[in-house]
Amino acid sequence: MIPSRVNGEACDRLMTLFCWGCALTLTLVLAAILGFLFFKGWHVLGPKLIFGEVRPLDALLFKKRVFSGLFPAALGTFCLICLAVGTALPLGLACGIYMAEYASNRVKSFFSLMVDILAAIPSIVVGLFGFSITVFLHHYFGGRILPCLGISGIALAFLVLPYIVKTTRIALEQIPLEIRMTGLSLGASPLQNLRHVLIPASLSDIMAGIVLAIGRCAEDTAVIMLTGVVATAGVPKSLFSPFEALPFFIYYTASEYSDPAELEAAYGAALILLAICTGLFIISFQIKRRYNSFN
Amino acid sequence: MKMKNTIKWTLVCMAAVLLPAVAGASALDTFKGESGTLRISGGTAHIPVMKEAAKRIMRFNPDISITIAGGGSGAGIKQVGEGLVDIGNSGRKPKPQEIEKYGLSMHKWAIDGVAPVVNPDNPVTALSSDQLRAVYAGKITSWKDLGGEDRGINLYTRDASSGTRSVFWKKALGKGDISGKANFVASNGAMKSAIGNDPYAIGYISVGYMDKSVAPVALDNVRPSLGSVKSGDYKVARGLYSNTKGEAKGLAAKFIAYLMSPEGQKIAAEKGFIPVN
Amino acid sequence: MDSGDRAARRLFFSAGLTCALAGLLVLGFMVVLGLPLIRSGMLWDILTGPWSPDHGQFGILAMAVGSVYIAGLSLIIAFPVSLGASLFIEVVRPRGAGRLLEWLVRLMTAIPTVIYGFVGIFLLVPLVRSFSGQGSGLCILTAALMLAVLICPTMILFFSRSIARVPRTWLDAVDAMGGTPYQKVRHIIFPAAWPGIVSGTVLAFGRAVGDTLIALMLGGNAVTLPESVLDSARTLTAHIALVIAADFDSLEFKTIFISGILLYVMTGLGILAARAAEKNL
């Protein structure tokens with residue numbers, strides 16, 4: 001096993017060097033990407049970037065429309081998150097509970113395979129699915145259904161569903177046997193045990209998963225591209241209206257900007273989206289660390 | 001005849017400058033009491049005018065919301081035909097079979113040219129039609145052969161849905177081949193920023209989109225510009241259309257009427273197009 | 001109480017079934033909409049032909065090759081870096097730096113793809129253009145470099161998890177025999193963590209094939225078969241995003257469903273392969 005000490009040491013040093021090299025490369029690349037964005041975008045950050053010429057309070061109360069700010073896009077993203085997570089949450093929770101608590105091994109492995117496949121579907125394909133549903137509904141409801149916020153929200157729900165199922169399932173499965181049995185041994189029914197013991201015990205992990213799912217909704221561009229996001233729409237008025245969204249704004253402006261000021265707004269939007277997504281990530285991380293009692 | 005034209009244009013321009021104070025408000029007055037959503041998509045050359053008009057209308061009457069998407073002329077025509085949007089813009093005249101299939105009615109509100117453009121740093125500023133055709137067919141591949149640097153030519157083109165592409169292909173390339181090696185961009189705006197960022201690029205954009213970030217290429221010694229399109233010297237020209245399925249109704253009709261009004265026409269002129277009225 | 005339990009159980013089961021069938025529903029929709037084309041016998045032409053709408057040709061071979069090319073190259077770039085980084089986290093473990101890197105990698109998973117694409121256009125594209133001395137900078141190499149950054153976290157987290165699973169006692173045995181870290185990695189960790197490394201790589205490949213924004217923004221989207229890494233190319237995902245139309249009649253539009261099915265099958269097989277690899281653990 002130890003052929004020659006000298007040779008071994010050389011290999012050892014080489015490996016350590018290689019690992020340090022990889023670690024540094026990765027850190028530098030990340031620093032370059034983030035540094036570039038900050039360098040180009042930090043000076044446009046401010047209320048004007050979001051609200052344009054309108055007073056923030058007027059915009060927030062929908063008294064005045066914002067034409068040259070990110071407000072409509074930010075609000076569109078917010079609505080999308082609520083819709084998608086709102087749709088996926090009950091379904092995902094129930095599915096995760098079933099898989100962790102009720103399913104037999106065979107059913108469980110089949111379900112988890114299907115959920116994995118769902119998780120692996122490229123988001124543009126989910127978008128295409130959403131688009132085909134729209135055209136389908138459009139033909140069968142006499143032209144009243146058009147690409148819109150509601151459709152995008154539902155399509156996005158397909159995208160985040162597997163995240164929620166997986167985190168719920170894993171969170172429940174991690175609960176130690178003693179805790180699991182205490183309620184039952186006191187005469188609680190499985191449902192009571194679930195409601196009063198298991199779910200409260202795994203709540204922090206589930207919450208952390210939901211926060212990550214929110215981040216996924218905020219960043220996705222491909223799904224909404226095919227299902228109703230547009231360049232200009234203003235504040236979304238109903239579920240059936242087209243909308244703007246932050247990631248699409250960044251994508252669109254990156255190729256369409258007509259003057260440097262517009263491009264700067266895109267840098268600003270990129271920074272804001274980055275802050276939202278990393279912020280959500282850190283929140284999820286903290287929830288998990290602070291409240292997790294089992295590991 | 002030419003004299004008459006000049007007088008006409010002077011009058012139009014004067015009207016455009018003088019009227020808004022008086023007539024501008026009246027052009028928007030038709031939107032009073034209206035509400036609802038107007039969906040517009042299609043031609044990307046139209047977008048700056050659409051945005052400005054939409055902004056003025058929505059500022060005048062906040063109950064109206066107007067949404068604008070791109071996609072290209074082909075998508076605009078198909079989407080309006082399928083009833084997915086209320087107005088489908090196209091930078092080419094819809095084909096007879098499209099008009100018949102969807103029962104489109106067309107509204108031409110401006111004239112525009114399609115110009116070959118290069119990066120401002122490129123010394124090549126003029127090409128013959130034959131050279132342009134050879135460049136796009138991938139037969140001339142170096143700027144050196146055209147009097148420029150010894151670097152490969154980076155071709156940029158649009159996808160099949162684009163009206164700008166179909167006009168350029170028909171009138172500038174004589175329906176010649178476009179090399180499969182060309183980079184694809186999705187809109188006039190994207191074309192402009194791509195060419196502005198790539199010193200060895202050639203592409204084509206709507207004359208209304210041209211500014212300092214790109215340099216027009218004279219084609220057979222005619223420099224594409226607002227003036228040469230207007231005078232008819234530059235041949236690669238087209239109308240900008242807004243199409244509706246059947247006769248325009250409701251908000252769509254009012255929006256198109258607004259585009260045709262002196263104020264709407266003035267917006268078109270400000271954004272670099274030639275008004276029709 | 002008993003009946004309540006049974007009702008709850010039924011409710012949970014139906015939710016589970018819905019989730020399990022959701023993936024099939026997506027596939028079903030694609031197949032139904034692509035069916036006329038599959039039936040018409042033109043499938044072969046579409047899978048192997050060139051894309052040239054001016055000449056009535058709607059083949060997607062170049063896009064399929066583009067997808068595999070870009071994803072494959074990004075994997076080749078990302079694999080060694082990810083392996084090195086995960087060994088850094090799990091084996092070299094310098095005080096503080098190892099944890100810091102792990103945290104950074106986790107943070108990277110939260111960065112939106114559109115931001116990678118955006119930074120790519122304004123930072124990487126000009127760099128590639130000036131270094132390569134030819135082309136526009138919108139090419140396979142640029143897209144693959146940025147995609148590599150995107151898939152690195154997936155691979156690193158997967159690799160380090162499977163390295164961490166190697167029993168501690170085996171490693172202690174090597175230490176006791178006076179083995180070096182290199183020998184530990186070569187003779188114990190690699191053989192034991194191998195299936196995890198394979199399945200992580202396969203999953204990362206699926207992620208790379210399925211990404212839209214980076215290839216769309218940086219790949220150039222040309223429609224011919226690419227010959228070199230500096231050629232512009234279009235992926236299946238970018239193709240779907242670019243062919244926007246609304247009528248069900250045109251052939252052009254139907255081909256995007258074939259593209260969708262291809263992508264679905266590719267990523268689905270990836271999941272099956274990754275699972276098969278992990279079962280050997």
Side-chain angles (χ1 to χ4, degrees), chain A residues 1-2 8-9 11-12 15-16 18-23 25-27 29-30 33 36-37 91-92 94-95 97-99 102-103 110-111 114-118 120-126 128-129 132 135 158 161 165 189-191 215 219 221-222 225 247 250-251 254 270 273-274 277-278 281, chain C residues 1 4-5 8-9 11-13 15-16 18-20 22-23 26 29-30 33 81 84-85 87-88 92 101 104 107-108 110-115 117-119 121 123 149 152 177-183 185 187 206 210 212-213 217 237 240-241 246 248 256 260 263-264 267-268 270-271 275:
Chain A
M1 189 157 174
I2 300 161
E9 250 168 40
C11 286
D12 221 33
M15 188 187 83
T16 313
F18 173 71
C19 292
W20 271 98
C22 291
T25 312
L26 209 64
T27 318
V29 166
L30 188 64
I33 291 173
F36 178 77
L37 268 186
L91 204 59
C95 177
I97 291 171
Y98 180 77
M99 283 167 76
Y102 295 95
F110 172 70
F111 276 17
M114 293 315 292
V115 171
D116 276 357
I117 287 179
L118 183 63
I121 299 177
S123 63
I124 191 91
V125 176
V126 176
L128 188 57
F129 167 69
S132 16
V135 182
F158 272 77
L161 189 59
V165 172
S189 74
L191 189 60
E219 73 115 2
T221 323
M225 242 162 97
I250 298 168
Y251 162 71
L273 186 65
L274 187 67
C277 288
T278 49
F281 169 80
Chain C
M1 201 40 70
D5 257 350
R9 195 198 159 106
L11 193 74
F12 291 142
F13 174 73
T18 315
C19 292
V26 174
F29 248 91
M30 303 283 132
L33 291 170
V81 178
L87 288 177
F88 183 85
V92 179
L101 184 69
L104 277 181
L107 190 70
M108 277 174 84
I111 297 179
T113 4
V114 69
I115 285 183
F118 186 78
V119 173
I121 287 189
L123 186 66
V149 182
C152 261
M177 286 164 78
T180 65
Y182 168 73
Q183 287 167 328
V185 168
H187 298 287
T212 311
L213 266 291
M217 293 171 90
T237 49
I240 296 176
F248 274 129
I256 69 175
L263 281 169
Y264 191 104
T267 49
I271 290 292
R275 287 191 149 225

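Naming convention: chains lettered A, B, ... in sequence-line order (proteins, then strands); numbering from 1 in each chain.
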Over all atoms of both residues, closest heavy-atom pair of A/C11 and C/Y182: CB-CD2, 3.4 Å
Residue selection (most heavy-atom pairs with chain A, distance under 4.5 Å) from C/T18, C/L213, C/T237: C/L213
Test side chain to side chain contact (heavy atoms under 4.5 Å, CB included) applied to C/I111 and A/L274, step by step: CA-CA 6 Å; C/I111 297 179; A/L274 187 67; 3.9 Å; yes
Exam field: side chain C/D5 to backbone A/L191, donor-acceptor pair closer than 3.5 Å: yes
Among A/C19, A/P122, A/A103, residue most engaged with chain C (heavy-atom pairs, under 4.5 Å): A/C19
Which atoms of C/L123 approach chain A - backbone, side chain, both or neither, heavy atom under 4.5 Å: both
Region of A/M99 that comes under 4.5 Å of a non-hydrogen atom in chain C: neither
Contact leader toward chain A among C/A22, C/G268, C/A8, where contacts are heavy-atom pairs under 4.5 Å: C/A22
Part of A/L37 lying under 4.5 Å from any heavy atom of chain C: side chain
Option that, when pairs with chain C are counted at under 4.5 Å, heavy atom only, ranks first among A/G21, A/A222, A/S123, A/A23: A/A23
Contacting moiety of C/V92, where chain A heavy atoms sit under 4.5 Å: side chain
Minimum heavy-atom distance between A/C95 and C/G16, given as atom pair plus value: SG-CA, 3.5 Å
Worked verdict on A/I124 versus C/L263 for side chain to side chain contact (heavy atoms under 4.5 Å, CB included): CA-CA 10 Å; A/I124 191 91; C/L263 281 169; 4.3 Å; yes
A/Y102 ring center near C/F13 ring center (under 6.0 Å): no
Spacing of CE belonging to A/M225 relative to CG belonging to A/L128, to within rounding of 0.5 Å: 11.5 Å
Side chain, backbone, both or neither of A/V165 within contact of chain C (heavy atoms, under 4.5 Å): side chain
Donor-acceptor under 3.5 Å (A/E219 side chain, A/C277 main chain): no
Chain A contact via C/I121 - which portion, at a heavy-atom distance below 4.5 Å: side chain
Heavy-atom proximity to chain C below 4.5 Å, by part of A/I33: both
Trace of the side chain to side chain contact (heavy atoms under 4.5 Å, CB included) decision for C/L11 with A/Y98: CA-CA 9 Å; C/L11 193 74; A/Y98 180 77; over 6 Å; no
Proximity breakdown for C/C19 and chain A, heavy-atom pairs closer than 4.5 Å: both
Residue selection (most heavy-atom pairs with chain C, distance under 4.5 Å) from A/V29, A/V115, A/L26: A/L26
Which of C/P181, C/G23, C/G260 touches chain A most, by non-hydrogen pairs under 4.5 Å: C/P181
Per-residue contact mode, A/Y251 against chain C (heavy atom under 4.5 angstrom): both
A/M114 side, atom CE; C/I271 side, atom CD1 - distance, nearest 0.5 Å: 11.0 Å
Side chain, backbone, both or neither of C/V81 within contact of chain A (heavy atoms, under 4.5 Å): both
Criterion side chain to side chain contact (heavy atoms under 4.5 Å, CB included) on A/L161 and A/L118, from CA distance to verdict: CA-CA 8 Å; A/L161 189 59; A/L118 183 63; 4.2 Å; yes
Per-residue contact mode, A/L30 against chain C (heavy atom under 4.5 angstrom): side chain
